[in-house]
Amino acid sequence: MSSRAKKKNRNEMGASQEIRPQTSCGKHAKTKKIFRISALVTAGLILLVLLAGLVVSWALVRTWIYPEKNGWTQAPTEVGLRYETFELNTVNGKVYGWILAAQQPVDQDAEEWPIPEGYSDKTLVFAPNYDGNRELLDLGGVDYFVDFCREGYNVVTFDWTGSGFSEGEKNAFLLDKTAELRAVVDYALTETEADFLALQGIGFGCYPAAQVTAEHGKVDALILDSCYDDFSDVLFGRFENWAGAMDLAPIRATAEWLFPLMTDVDPETCSVSQWVSRMQGKSLFFIR
């Protein structure tokens, strides 16, 4: 073989050797690019899912702490009871309610309505449920007041701020309403000058009722109606009841994280039993 042919072969072999590494590197770079794109897409999808879960949880918690406000539909006069309306300025806004003196109910069609002869020495203050109002529809409405008034009790009932006709929109399951209830109790004591005062908490109203009873020296008895003990267990242990959907662990966990941030209340510290244990020398009744 001539030297020219040998040189040509060497050049062709060198060229082929130079091309092969370039082809391998190109494929490797292309694979890395695909991996990068896949990783970015996966990260984006994960971020999108997390963001969607956060939005859903935020909207859910917001519906809890901003419930629909329902006004009362029936006045005590419709069951033969005279009443007066009161309003109080509290730390959470203005509160509206009813106060009824102890009295014998009269027929709605009676020609004369006897005026109660002042207040008796026994008063009962109601702490309505979270999404209720002074009418106490949970217990059958204003008919529930009849027997108490007939038995010689003055009755005080009201709308929490964020419910009924009272001011405000926010209502974090009544966990932050203790000062509000204390103001109503002080008003009831001043207005009726009662020697005996009892509180009846209904549903979520049991928590502030228990706390006020434990801390207020002039509250003599507490009635807990449809009471819970551990708030966190009620809300997050039975999550599907409040979420209106399947109990999805990520949504539940996010809602549990958001709740104290949006309400300034730590649900882990809100148990009724902690206040009941501090009630010394006071009567306690449970209604299931």
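For this chain, numbers begin at 1 and follow the sequence in order. Computed from a predicted model, the values in this text were never measured in an experiment.
Hydrophobic clustering of Ile, Leu, Val, Met, Phe, Trp and Tyr side chains at less than 4.5 Å, counting indirect connections, keeps Phe204 apart from Leu137. Using a 4.5 Å cut-off between side-chain heavy atoms of Ile, Leu, Val, Met, Phe, Trp and Tyr, with links allowed through other members, Leu100 and Tyr96 fall into different hydrophobic clusters. Residues Phe259 and Tyr66 share a hydrophobic cluster, clusters being chains of Ile/Leu/Val/Met/Phe/Trp/Tyr side chains in contact below 4.5 Å. Grouping the Ile, Leu, Val, Met, Phe, Trp and Tyr side chains by contacts below 4.5 angstrom, directly or via other members, places Trp257 with Ile65.
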Practice prompt. Tell me, with the steps shown, if Trp98 and Thr85 meet side chain to side chain contact (heavy atoms under 4.5 Å, CB included).
Written response: CA-CA 5 Å; Trp98 293 329; Thr85 299; 3.7 Å; yes

Worksheet item: Does the side chain to side chain contact (heavy atoms under 4.5 Å, CB included) test come out yes or no for Val142 and Leu81, once each step is laid out?
Response: CA-CA 9 Å; Val142 292; Leu81 296 174; over 6 Å; no

Worksheet item: Would Leu284 and Phe286 satisfy side chain to side chain contact (heavy atoms under 4.5 Å, CB included), going step by step from the backbone distance to the final call?
Response: CA-CA 7 Å; Leu284 177 62; Phe286 287 96; 3.6 Å; yes

Worksheet entry | Residue pair Leu136, Ile202: steps toward the side chain to side chain contact (heavy atoms under 4.5 Å, CB included) verdict | CA-CA 9 Å; Leu136 305 186; Ile202 303 155; 3.7 Å; yes

Worksheet item: Passes side chain to side chain donor-acceptor pair (under 3.5 Å), Ser273 versus Asp229? Steps please.
Response: CA-CA 6 Å; Ser273 59; Asp229 180 24; 2.9 Å; yes

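At least one donor-acceptor pair closer than 3.5 Å links the side chain of Asn154 to the backbone N or O of Lys122. Side-chain N or O atoms of Glu78 include none that pairs as donor or acceptor with a backbone N or O of Pro76 at under 3.5 Å. For Asp121 (side chain) and Ala194 (main-chain N/O), no donor-acceptor pair under 3.5 Å exists by modelled atom type. Under a 3.5 Å cut-off, the side chain of Asn129 and the backbone N or O of Gly132 do not form any donor-acceptor pair. Looking at Glu151, its side chain never comes within 3.5 Å of a backbone N or O of Phe148 through a donor-acceptor pair.
Counting all heavy atoms, side chain and backbone alike, Pro116 lies closest to Arg82 at CD-CD, 3.6 Å. Scanning both residues, Ala183 and Leu88, for their nearest heavy atoms gives O-CD1, 3.7 Å. The two residues Ser277 and Gln274 come nearest to each other via the heavy atoms OG-O, 2.8 Å. Considering all non-hydrogen atoms of both residues, Arg150 and Pro105 come closest at NH2-CG, 3.4 Å. Closest of all the heavy-atom pairs between Arg278 and Ala214 is CB-CB, 4.2 Å. Residues Ala101 and Gly118 share a closest heavy-atom pair of CB-O, 3.7 Å.
Checked by atom type, the side-chain pair Glu167/Thr161 shows no donor-acceptor distance below 3.5 Å. There is no side-chain donor-acceptor pair under 3.5 Å between Asp159 and Asn133. Under the 3.5 Å distance criterion, with hydrogens and angles disregarded, a donor-acceptor pair is assigned to the side chains of Thr123 and Thr192.
Atom SG of Cys206 and atom OH of Tyr228 lie 8.0 Å apart (nearest 0.5 Å). To the nearest 0.5 Å, atom NZ of residue Lys69 and atom OG of residue Ser166 are 7.0 Å apart.
For residues 209-222, the pairs satisfying side chain to side chain donor-acceptor pair (under 3.5 Å) are Thr178-Gln211, Arg182-Glu215, Asp186-His216, with sequence neighbours left out.
Here the side chains of Leu189 and Leu197 are in contact, with some heavy-atom distance below 4.5 Å. Side-chain contact between Trp64 and Met262 is absent, with no heavy-atom pair separated by less than 4.5 Å. Looking at Thr77 and Tyr83, their side chains come closer than 4.5 Å, going by heavy atoms from C-beta outward. At least one side-chain heavy atom of Val219 sits under 4.5 Å from a side-chain heavy atom of Val185. Contact check for Glu193 versus Tyr119: no side-chain heavy atoms found under the 4.5 Å cut-off. In this structure the side chain of Leu175 never reaches within 4.5 angstrom of the side chain of Thr263, judged on heavy atoms. Considering only heavy atoms from C-beta on, Glu135 stays 4.5 Å or farther from Pro128 through its side chain. Proximity of Phe126 to Val156: side-chain heavy atoms (C-beta onward) are nowhere separated by under 4.5 Å.
Taking the six-membered ring for Trp and the full ring otherwise, the centers of Phe158 and Phe86 sit at least 6.0 Å from each other.
Under the rule for a salt bridge (Lys or Arg N to Asp or Glu O under 4.0 Å), the partners of Lys94 that lie at least two apart in sequence or sit in another chain are Glu87.
Only one option out of Leu139, Val155, Thr157, Leu222 pairs with Gln200 in a side chain to side chain contact (heavy atoms under 4.5 Å, CB included); it is Leu139. Considering Tyr207, Tyr130, Trp160, Phe236 as possible partners of Phe173, the one that fulfils the ring pair (Phe, Tyr, Trp, His ring centres under 6.0 Å) test is Tyr130.
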